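Below is one structure, written out as structure tokens; the observations come after it.
Every chain is numbered from 1, with letters handed out A, B, ... down the list of sequences. Computation of the quantities below employed the complete heavy-atom set of this structure, encompassing side-chain atoms and omitting hydrogens, waters and symmetry-equivalent molecules. This is a predicted model, so every value here is computed, not measured.
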Protein chains: 4
Amino acid sequence: MTNKKFTVLGGDLRSVKLANLISADGNKVNIYGFKNAGFELGLEESPNLELAINQSDIVIGPLPCSNDNEIINAPFCPDKIYIKDVFKAMTKNQIFIAGRISKKIQHAASVYSVYSVDLLDREEMAVLNAVPTAEGAIQIAMEEMPITLHNSNVLILGFGRIGKILAKMLLGIGSNVYVAARKYSDLAWIKGYGYNAVHINEIGNSLENMDVIFNTIPHVILDINMLQKVKKDSLIIDLASKPGGVDFEKAKDMGIKTIWALSLPGKVAPVTAAEFMKDTIYNIINELGV
Amino acid sequence: MTNKKFTVLGGDLRSVKLANLISADGNKVNIYGFKNAGFELGLEESPNLELAINQSDIVIGPLPCSNDNEIINAPFCPDKIYIKDVFKAMTKNQIFIAGRISKKIQHAASVYSVYSVDLLDREEMAVLNAVPTAEGAIQIAMEEMPITLHNSNVLILGFGRIGKILAKMLLGIGSNVYVAARKYSDLAWIKGYGYNAVHINEIGNSLENMDVIFNTIPHVILDINMLQKVKKDSLIIDLASKPGGVDFEKAKDMGIKTIWALSLPGKVAPVTAAEFMKDTIYNIINELGV
Amino acid sequence: MTNKKFTVLGGDLRSVKLANLISADGNKVNIYGFKNAGFELGLEESPNLELAINQSDIVIGPLPCSNDNEIINAPFCPDKIYIKDVFKAMTKNQIFIAGRISKKIQHAASVYSVYSVDLLDREEMAVLNAVPTAEGAIQIAMEEMPITLHNSNVLILGFGRIGKILAKMLLGIGSNVYVAARKYSDLAWIKGYGYNAVHINEIGNSLENMDVIFNTIPHVILDINMLQKVKKDSLIIDLASKPGGVDFEKAKDMGIKTIWALSLPGKVAPVTAAEFMKDTIYNIINELGV
Amino acid sequence: MTNKKFTVLGGDLRSVKLANLISADGNKVNIYGFKNAGFELGLEESPNLELAINQSDIVIGPLPCSNDNEIINAPFCPDKIYIKDVFKAMTKNQIFIAGRISKKIQHAASVYSVYSVDLLDREEMAVLNAVPTAEGAIQIAMEEMPITLHNSNVLILGFGRIGKILAKMLLGIGSNVYVAARKYSDLAWIKGYGYNAVHINEIGNSLENMDVIFNTIPHVILDINMLQKVKKDSLIIDLASKPGGVDFEKAKDMGIKTIWALSLPGKVAPVTAAEFMKDTIYNIINELGV
């Protein structure tokens with residue numbers, strides 16, 4: 001219980017789950033933008049936007065907030081919900097929380113004097129999301145590989161949030177885990193956690209022994225030179241956002257199976273993703289002391 | 001290198017991989033029964049059964065050896081290979097190794113004075129196979145659940161080979177692992193390995209908190225009474241051979257998702273399965289001192 | 001709570017803790033044989049043996065029960081407690097539970113029609129005790145080695161109860177764990193758990209790279225031939241009961257540090273050892289249905 | 001091999017080991033300041049300071065460099081080695097590397113135009129040192145506690161370098177690990193790694209259940225109010241530098257066993273500590289491209 005009233009506006013399955021989780025904690029929750037969901041929502045849709053927003057303390061938009069900076073991302077809604085209309089209906093004492101609030105949307109919020117917080121700016125949200133991302137990557141590897149991850153040689157490029165959790169889980173399954181990084185302190189951490197440390201400039205020597213390579217670095221590491229050293233029957237799973245870390249075309253030409261897997265949390269574990277959104281929203285409320 | 005000559009007869013993708021692995025170790029390998037494989041075999045098919053068997057020391061049949069006790073299980077072979085014909089072509093100094101050699105096949109072997117060894121009678125083979133079985137079970141759970149295994153409550157029924165490896169991997173991924181067993185010494189092991197121990201007679205109290213239940217016990221544990229205590233949105237994965245450990249019909253009636261997953265090694269990790277077959281075959285040769 | 005009345009007779013610190021633990025569960029507990037303990041017992045000593053035994057259901061002797069088959073092992077007792085007198089005072093409906101009940105003591109029990117159970121015959125007790133044994137061994141290694149266990153090469157000889165728990169803990173600390181065993185199925189388990197498997201006949205090739213060697217096999221494995229292959233600055237910790245697994249004299253001559261560490265649970269974790277005794281005693285009561 | 005010439009000046013056992021390790025890599029190493037070592041050094045001491053420094057590229061001082069900012073910390077040296085004299089003997093092309101180079105020493109270096117690098121300013125050194133620190137803390141806990149760490153409740157205050165490695169090792173041994181931190185992102189990491197997360201403001205509720213508490217935060221967290229909630233028989237191990245995280249006097253008054261354990265790497269694992277110094281020195285050379 002937070003003693004707050006919430007409105008959940010649009011979004012996909014995660015938003016539905018989020019609304020239910022917040023409600024299950026004993027909070028009052030309005031929802032709007034799910035008329036076409038076609039499954040049991042667990043909560044009753046508000047008759048219109050104004051009523052939905054009215055009297056709530058926190059208005060929760062989707063993740064991502066919008067695809068065009070104008071309309072709320074609401075796949076289950078037959079009508080368009082304009083961001084402008086949302087902000088118009090909000091008062092100064094309400095807070096708008098959503099994911100990936102662009103500069104444009106932020107500007108609109110300030111025009112209407114709406115206080116907004118981006119979930120993706122929250123470090124804990126990014127950390128928490130590394131868990132379903134890592135599991136999703138493991139699931140893909142299990143599905144695609146004709147060998148077990150146990151006793152496979154796996155190379156993780158990058159030791160950021162996803163690299164750290166992925167390495168831990170793969171070691172737990174029994175893989176021989178190699179992690180490549182550039183900074184000496186990261187290499188020290190990699191050794192400290194019991195993985196094999198590889199300097200990013202020296203991955204060339206390791207590539208030929210790897211059964212699966214997970215990339216988490218968002219610039220092209222596996223270029224044509226590196227791809228030539230990769231075993232032909234190994235699998236590359238790229239988890240990095242654009243432009244990714246692999247020269248995908250060259251990989252294809254060379255017959256190396258490459259999968260670019262993005263936005264895994266919402267896909268492989270929507271309920272867990274919703275829980276992490278909830279936790280982060282509560283943290284925001286807690287910090288604001290509202 | 002073993003200094004032996006091998007013949008691989010029939011079987012599925014695992015047998016093809018097995019032949020290649022044994023050959024890659026520097027051994028002479030004949031293959032027969034893969035004419036319709038439709039992919040690059042890596043080895044040349046012998047022109048006929050007699051030539052295939054002739055001059056080899058070890059004849060390796062498929063896993064399972066046969067589905068009807070008469071014909072070798074050879075899905076890639078357009079013709080029927082009769083077990084009787086295989087045994088007829090073999091001499092006393094050759095060894096026949098295959099999986100699931102039934103009483104009937106054993107009898108036929110003795111009639112033709114063929115020395116046969118069942119791969120599935122080998123304890124190390126069963127242990128090794130627990131690894132791909134556990135990974136396959138985890139893959140299914142990841143695919144089916146809308147939450148991460150990390151931080152999920154998982155209950156494993158039985159602490160035999162599969163239970164042991166599955167518990168280890170799930171802990172490595174970050175699940176809250178509960179294992180149910182009957183013997184006090186098993187419960188002591190479960191605690192010693194850091195899992196939560198539950199006496200099999202007291203699982204009723206734990207069921208309602210479980211997100212996923214893996215059964216490894218080959219008789220019905222999750223009967224109607226127990227199923228009534230299971231969370232409606234939890235997942236049951238049954239890894240036990242017939243009759244399985246779940247009253248599947250009742251589970252269906254109650255809307256509890258239940259998956260009976262058998263023969264996982266060959267399905268999820270055929271290459272690893274082939275490696276384990278090879279290791280076990282080498283162990284057999286080693287022990288026989290042939 | 002067990003609804004039983006207990007008498008704890010003699011023994012060391014573990015017996016004192018055991019009495020307190022059983023009492024803390026709400027059971028009536030008499031104690032006898034601790035007059036010289038010199039610390040707060042938490043319970044009042046019975047005035048004499050007969051009163052102590054009288055009216056209790058379970059009489060708990062020490063671990064080990066006796067050093068000479070005649071007198072109860074009671075280091076805190078100024079007087080001798082004769083086993084014969086204990087048995088004489090007991091009735092048919094009482095049960096005598098203690099550790100290491102020799103043939104002679106068993107015979108005496110039967111003469112007096114006393115039903116006796118040896119704690120050390122209980123598989124779960126042996127499993128549970130592997131935990132403090134492994135921790136004690138790790139403590140010794142940490143104390144004696146000028147390097148960290150993390151990233152050390154450690155070899156465990158034998159994959160029984162102690163070997164299994166020790167391997168798990170050392171991997172958890174970050175050692176490079178090698179385990180030697182003879183049976184192919186044990187070697188399969190070793191691989192399945194993610195350790196490096198070494199056939200016991202081939203340890204010679206591994207010895208020179210090991211920083212510490214833990215032996216759990218109760219016959220001489222590290223004889224003069226093997227010792228010659230051991231690094232001069234490595235440490236050998238022998239956990240095996242007589243005759244141990246090391247030629248201690250030869251090791252000494254060769255300047256290899258060797259520690260024979262026995263009875264670790266009572267030494268390094270007496271309170272945990274007492275808890276395990278309690279759990280096992282409750283299991284015994286439970287099984288007997290008394 | 002680094003193609004550099006080294007001089008190791010003063011220091012304790014770690015400096016001796018360091019000199020040997022660098023030499024074992026094929027480098028030329030002079031040593032000075034170990035005349036009274038009383039054990040086999042493995043290298044020959046230079047006849048005087050100037051000769052020792054002369055012709056070397058890298059001059060390695062001890063860790064810590066000095067206790068009074070004037071004299072090199074050289075416990076095995078019968079004479080005083082003045083830092084000023086070291087710097088005077090050095091040329092512009094040489095590099096001085098040591099641990100804890102104070103402002104005063106830094107100033108002296110600049111006066112003599114000596115380029116100096118402090119090992120303790122290197123992030124990878126701090127990370128690497130967390131490993132022997134964590135092992136040392138575990139060793140102390142094992143020595144002091146009458147229960148096993150396995151299945152104990154342990155609380156770690158702080159999730160910095162030491163907290164992270166300590167948590168990992170304790171989980172590996174089988175403890176129930178609780179970690180307290182303040183930042184939501186740290187709490188997310190703690191959950192992600194599979195430990196129980198406790199907000200630092202709420203440790204009061206957890207203290208009474210803890211068997212051992214490790215502090216890594218260098219200001220007083222366990223003040224009188226918190227100490228009152230600690231179990232009387234629990235153990236507190238403080239790993240934080242001055243002023244530490246415990247009100248030691250109050251803890252003593254209240255009969256709570258508290259151990260302030262500092263500088264563990266050099267004490268519990270001098271050889272490993274020397275290896276880490278070597279790795280870091282090589283990294284420095286590598287980065288400087290000298």
Side-chain angles (χ1 to χ4, degrees), chain A residues 12-14 16-17 20-21 39-40 42 127-152 164-175 177 194 211-212 232-235 264-276 279, chain B residues 12-14 16-17 20-21 39-40 42 127-152 164-175 177 194 211-212 232-235 264-276 279:
Chain A
D12 57 18
L13 186 59
R14 285 175 289 177
V16 178
K17 289 286 170 190
N20 281 283
L21 288 167
F39 53 84
E40 192 52 61
V127 172
L128 291 167
N129 267 337
V131 168
T133 301
E135 273 201 25
I138 287 171
Q139 179 186 324
I140 293 168
M142 286 178 167
E143 287 165 353
E144 298 292 334
M145 291 165 70
I147 59 174
T148 55
L149 279 173
H150 177 94
N151 209 29
S152 288
K164 285 189 176 82
I165 296 291
L166 189 52
K168 182 197 166 288
M169 287 186 177
L170 286 167
L171 191 76
I173 291 172
S175 302
V177 180
D211 297 304
V212 55
K232 287 300 160 273
D233 61 349
S234 62
L235 172 69
L264 289 174
K267 290 175 192 162
V268 301
V271 174
T272 300
E275 272 166 20
F276 291 163
D279 291 348
Chain B
D12 56 19
L13 186 59
R14 286 175 289 177
V16 178
K17 290 286 168 187
N20 281 283
L21 288 167
F39 54 85
E40 191 54 61
V127 172
L128 291 167
N129 267 336
V131 169
T133 301
E135 272 202 26
I138 286 171
Q139 178 185 325
I140 293 169
M142 286 179 168
E143 287 165 353
E144 297 292 335
M145 289 164 72
I147 60 174
T148 55
L149 278 173
H150 177 93
N151 209 28
S152 289
K164 283 189 177 81
I165 296 291
L166 189 52
K168 182 197 166 288
M169 288 188 176
L170 287 167
L171 192 75
I173 290 172
S175 302
V177 180
D211 297 306
V212 54
K232 286 302 160 272
D233 61 349
S234 62
L235 172 70
L264 289 174
K267 290 175 191 164
V268 302
V271 174
T272 300
E275 273 166 21
F276 292 162
D279 291 347

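In B:K17, the NZ atom is not crowded: 12 or fewer heavy atoms of neighbouring residues, nucleotides or ligands sit closer than 6.0 Å.
The distance from atom CG of B:L128 to atom OG1 of A:T148, rounded to the nearest 0.5 Å, is 10.0 Å. Rounding to the nearest 0.5 Å gives a distance of 7.0 Å between CD1 of B:I147 and CD of A:E275. To the nearest 0.5 Å, atoms CG (A:L149) and CD (B:Q139) are separated by 9.5 Å. One distance of note links NE2 of B:H150 with CD1 of A:I165; it measures 6.5 Å at 0.5 Å rounding.
Interface remark: A:K168 contributes backbone and side-chain atoms alike to the contact with chain B (heavy atom separation under 4.5 Å).
Evaluation of the salt bridge (charged side-chain N to carboxylate O under 4.0 Å, His left out) test over residues 136-146 of chain A, restricted to residues two or more places apart or in two chains, returns A:E144-A:K257.
In this structure A:S234 satisfies the side chain to side chain contact (heavy atoms under 4.5 Å, CB included) test together with A:V230, A:K231, sequence neighbours excluded.
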Checklist line | Working for side-chain contact (heavy atoms from CB on, under 4.5 Å), residues A:E135 and B:I173 | finding: CA-CA 8 Å; A:E135 273 201 25; B:I173 290 172; 3.6 Å; yes
